[in-house]
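Every value quoted in this text rests on a predicted model; they were computed, and no experiment measured them.
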Amino acid sequence: MAEVLVYVDHVDGAVRKPTLELLTLARRVGEPVAVALGSGAEATAATLAEHGATRVLTADAAEFADYLVVPKVDALQAAYEAVSPAAVLVPSSAEGKEIAARLAVRIGSGIITDAIDLEAGDEGPVATQSVFAAAFTTKSRVSKGTPVITVKPNSAPVEAAPAAGAVEALAVSFSEKATGTKVVSRTPRESTGRPELTEAAIVVSGGRGVNGAENFALIEGLADSLGAAVGASRAAVDAGWYPHTSQVGQTGKSVSPQLYIATGISGAIQHRAGMQTSKTIVAINKDPEAPIFDLVDYGVVGDLFEVVPQLTEEIKTRKG
């Protein structure tokens, strides 16, 4: 069976959930070979093996931490040349998409971004995408070279599938461009204790109807009762009510959770583009004509200031 390269997104050896989802998809089209780079790369091996990686190629060098993107592209290209894979899968983060695009250019291959599913085809992997603000679903494949595919978080289940996970050192020669952009400082993001927005199974978002930064406490309370991440519409972010890092939409982050709850959000096309692939969508809005109701699985016509506190209390009661 052909091998499939999977780029590992990890923090000091802790593998992030989107990578484990990639391993599930990779097993549909071949044998997963993971590529882990930077500090803690070897520590990822046990987790990767547990989820189906037959081999784990590792490399650590100061360049991966001190410079942006290009050293990782150099390493992934070295892995590609060593393995000759049937496909290369990369998590669909901002950095992941840049890495994938640069790799595709280098190896002369086509690229598919933001896939939401992957299946084996007679002429190579077939990717499913949600396009044109999620108004259409397409199936496509790369017709030239080795497919480079980025996959959105929450597109596949995390499944245990124990494999050998043999650790192998990856020899990497860095290009002249690898040191072109240097990281001069880092500021850790303050932890909220909530899940990462793009990876969360449940997202609760607030929009213009929240009517003020102080009222986002209601949204956060509902989110915390569900163990959810908190999102915001562009209108709420532009008004300064919530950080841009939590914006969901065409100019913010794209999410695809199991459950998306939109509160006080009208449903402009820009917002829908960032959340329309959610598995189940619930909206709370006092305007029965709000466009968001054309999209939802369940809609509540009501004042969020009455509905959200009652919903939060009911959830807490049911949880014990």
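Partner of V282 under the side chain to side chain contact (heavy atoms under 4.5 Å, CB included) criterion, chosen from L259, T263, V204, V296: L259.
Linking ILVMFWY side-chain heavy atoms closer than 4.5 Å, directly or via other members, places F305 and V307 in a single hydrophobic cluster. Linking Ile, Leu, Val, Met, Phe, Trp and Tyr whenever their side-chain heavy atoms come within less than 4.5 Å puts V83 and Y80 in one cluster. Taking hydrophobic clusters as Ile, Leu, Val, Met, Phe, Trp and Tyr residues chained together by side-chain heavy-atom distances below 4.5 Å, L25 shares a cluster with L23. Cluster membership for F216 and I261, using ILVMFWY side-chain heavy atoms within less than 4.5 angstrom, is shared. Residues L170 and L48 fall into different hydrophobic clusters, defined by Ile, Leu, Val, Met, Phe, Trp and Tyr side chains chained together at heavy-atom separations under 4.5 Å.
The main-chain N or O of L118 is found under 3.5 Å from a side-chain atom of R28 such that the two form a donor-acceptor pair. Using modelled atom types, no side-chain atom of E119 and backbone atom of V126 make a donor-acceptor pair closer than 3.5 Å. Looking at T58, its side chain never comes within 3.5 Å of a backbone N or O of E42 through a donor-acceptor pair. Although no hydrogens or angles enter the test, the distance criterion places no donor-acceptor pair under 3.5 Å between the side chain of K17 and the main chain of V158. The backbone N or O of G40 sits nowhere less than 3.5 Å from a side-chain atom of D12 that would complete a donor-acceptor pair. Judged purely by atom type and a 3.5 angstrom limit, D66 has no side-chain atom pairing as donor or acceptor with the backbone of K182. Between the side chain of T146 and the backbone N or O of A86, no donor-acceptor pair lies under 3.5 Å. Between the side chain of H10 and the backbone N or O of L37, at least one donor-acceptor pair lies under 3.5 Å. Judged by distance alone, the side chain of E199 and the main-chain N or O of P195 form no donor-acceptor pair under 3.5 Å.
The shortest side-chain heavy-atom distance between F174 and T179 does not fall under the 4.5 Å cut-off. For the pair T24/H51, no side-chain contact is recorded, criterion being any heavy-atom separation below 4.5 Å from C-beta on. Using a 4.5 Å heavy-atom threshold, the side chains of Q276 and S130 count as separate. When side chains are defined from C-beta on, Q77 does not count as touching R102, because their heavy atoms never get closer than 4.5 Å.
Note that CG of L103 is 4.5 Å distant from CD1 of I107, once rounded to the nearest 0.5 Å. A distance of 11.5 Å separates CD1 in I284 from OG in S205, rounded to the nearest 0.5 Å. The distance from the CG atom of D224 to the CZ atom of R194 is 4.0 Å, given to the nearest 0.5 Å. Distance OG/S93 to CD/E98: 10.0 Å, rounded to 0.5 Å. With rounding to the nearest 0.5 Å, the separation of OG in S233 from CD in Q247 is 7.5 Å. The distance from the NZ atom of K139 to the CD1 atom of I112 is 11.5 Å, given to the nearest 0.5 Å.
For K279, the NZ atom sits in a packed shell: over 12 heavy atoms of surrounding residues, nucleotides or ligands are nearer than 6.0 Å. The number of heavy-atom neighbours closer than 6.0 Å to NZ of K286, taken from other residues, nucleotides and ligands shown, is 12 or below. Heavy-atom contacts from other residues, nucleotides or ligands closer than 6.0 Å to CD of E176 number 12 or fewer. More than 12 non-hydrogen atoms from other residues, nucleotides or ligands lie less than 6.0 angstrom from CD of E3. Annotation for R27: atom CZ counts as buried by contact number, over 12 foreign heavy atoms lying within 6.0 Å.
Nearest approach of L57 to A79, heavy atoms of both residues: CD1-CB, 4.0 Å. The heavy-atom pair separating V70 from S175 by the smallest distance is CG1-OG, 3.8 Å. For T44 against A36, the heavy-atom pair with the smallest separation is OG1-CB, 3.5 Å. In terms of heavy-atom proximity, Q250 sits nearest to A273 at CB-CB, 4.2 Å. Of all heavy-atom pairs spanning A115 and I149, the tightest one is CB-CG2, 3.9 Å. Across all non-hydrogen atoms, the minimal contact from I99 to V69 is CG1-CG1, 3.9 Å.
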For this session: Give the C-alpha distance, both sets of side-chain angles, the deciding distance and a yes or no for side-chain contact (heavy atoms from CB on, under 4.5 Å) between V230 and Y242.
Result: CA-CA 10 Å; V230 176; Y242 222 67; 3.5 Å; yes

For this session: Determine, step by step, whether R141 and E123 satisfy the side-chain contact (heavy atoms from CB on, under 4.5 Å) criterion, reporting the C-alpha distance in whole Å, the side-chain angles of both residues, the deciding distance to 0.1 Å, and the verdict.
Result: CA-CA 8 Å; R141 64 174 179 83; E123 299 180 70; 3.2 Å; yes

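With 3.5 Å as the limit, one finds no donor-acceptor pair spanning the side chains of K253 and S246. D114 and S92 form a side-chain donor-acceptor contact under 3.5 Å, judged by distance and modelled atom types alone. Judged by distance alone, the side chains of S140 and Q129 do bring a donor and an acceptor atom under 3.5 Å apart.
Contact check on R106 versus D74 returns a salt bridge, with a Lys/Arg side-chain nitrogen under 4.0 Å from an Asp/Glu carboxylate oxygen.
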